[in-house]
**Q** 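Sharing a structure with you now.
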Amino acid sequence: MANAGVQLLGFTLAFFGFIGTIASTVMVEWKASSYTGDNIITAQALYEGLWKSCASQSTGQIQCKIYDSLLQLPGIVQGTRGLMLTAILLSFISMMVAVVGMKCTTCMSEQPEQKDKVALAGGVIFMIAGLLALVGTSWYGHRIAQDFYNPHTPTNSRFEFGSAMYVGWGAACLCLIGGGFLCCNCSGNSSSRKAPRYPPSNTATGKDYV
């Protein structure tokens, strides 16, 4: 049952990656206002996400505003939205596929080879979803760093990485690792199952003497 345990571990890691991808997508703290230079003392903290922006006052009051128009959004926000939503969709599909192919389930139990192939497909889709989430968060983070070090950017308009960025990076890594466990386990099973079989040798049991 060791192979089933590896599959279950990979699925669990990928599932937590799926949850983290959803959390990162809906979080508003993709970038947070920077407290550097002349912007050390400020009355409010600004946060921007993929769906809305928020301002936290020093009194504890938080005001958020949802983005009104999709066409007026920067291309980086629209692209990151598409990548993260695609990653969530693929993660959901891969969970459904992987559940069918895992050894701890009874689906397709009479076809073990096909069952391993289904689990392998689920692992591959998980890795693709993790790669999309990693590309989306890294692309957005690169733009934040680029604007931060741009000398033409005003000091009070500079932002740093928010907590949603780190959640997204962690979730993408979990999806990649979990999908890799599913793929490695299934490939090892298929190779071990295809061991060569030799026909029994027809050796003479009797001895003929002349």
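Because only heavy atoms are used, hydrogens play no part in the values below, and waters and symmetry mates are left out as well, while side chains stay in.
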**Q** Would the number of heavy atoms belonging to other residues, nucleotides or ligands and lying under 6.0 Å from CD of Gln146 be above 12?
**A** yes
**Q** Go through it in stages, so that I can follow the logic: the residues are Tyr166 and Trp30, the test is ring pair (Phe, Tyr, Trp, His ring centres under 6.0 Å), and I'd like the CA-CA distance, side-chain angles, deciding distance and then a yes or no.
**A** CA-CA 9 Å; Tyr166 300 102; Trp30 275 74; over 10 Å; no
**Q** Tell me whether Trp139 is reachable from Leu50 by hopping between hydrophobic residues (I, L, V, M, F, W, Y) whose side-chain heavy atoms are closer than 4.5 Å.
**A** yes
**Q** Measure across Leu13 and Leu174 and return the closest heavy-atom pair with its distance rounded to 0.1 Å.
**A** O-CB, 3.4 Å
**Q** Under 6.0 Å between the ring centres of Tyr67 and Trp51?
**A** no
**Q** What about Val28 and Val26, same hydrophobic cluster or not, with Ile/Leu/Val/Met/Phe/Trp/Tyr joined at side-chain heavy-atom distances under 4.5 Å?
**A** no
**Q** For Val100, does its backbone N or O pair with a side-chain atom of Lys115 as donor and acceptor, under 3.5 Å?
**A** yes
**Q** Any idea which heavy atoms bring Ser24 and Val167 closest together, and the distance?
**A** CB-CG1, 4.0 Å
**Q** List the steps, then state whether side chain to side chain contact (heavy atoms under 4.5 Å, CB included) holds for Arg158 with Tyr149.
**A** CA-CA 9 Å; Arg158 294 181 178 179; Tyr149 291 109; over 6 Å; no
**Q** Is Ile62 reachable from Leu46 through a run of I, L, V, M, F, W or Y residues, each pair having side-chain heavy atoms under 4.5 Å apart?
**A** no
**Q** List in chain and number order the residues that pass salt bridge (Lys or Arg N to Asp or Glu O under 4.0 Å) with Glu29, two or more places apart in sequence or in another chain; answer none if no residue qualifies.
**A** none
**Q** Specify the closest pair of heavy atoms between Ile125 and Leu90, including all atoms of both residues, with the distance to one decimal.
**A** CG2-O, 3.4 Å
**Q** Are Met96 and Leu8 grouped together when hydrophobic residues (ILVMFWY) are joined by side-chain heavy atoms under 4.5 angstrom apart?
**A** yes
**Q** Okay, side chain of Thr137, backbone of Leu134: is any donor-acceptor separation there less than 3.5 Å?
**A** yes
**Q** Going through the distances and angles, do Arg81 and Leu73 end up as a side chain to side chain contact (heavy atoms under 4.5 Å, CB included)?
**A** CA-CA 11 Å; Arg81 273 186 181 183; Leu73 291 176; 3.6 Å; yes
**Q** Check whether Met27 and Ile19 end up in the same hydrophobic cluster, where Ile, Leu, Val, Met, Phe, Trp and Tyr are linked by side-chain heavy atoms less than 4.5 Å apart.
**A** no
**Q** What is the minimum heavy-atom distance between Ala119 and Gln7, and which atoms define it?
**A** CB-NE2, 3.9 Å
**Q** Any idea which heavy atoms bring Phe126 and Ser91 closest together, and the distance?
**A** CE2-O, 3.8 Å
**Q** Within the 4.5 Å heavy-atom criterion, are Ser56 and Tyr47 side-chain neighbours or not?
**A** yes
**Q** What I'd like to find out is whether the side chain of Lys31 reaches to under 4.5 Å of the side chain of Glu48, using heavy atoms alone.
**A** yes
**Q** Closest heavy-atom contact between Ala172 and Gly130?
**A** CB-O, 3.4 Å
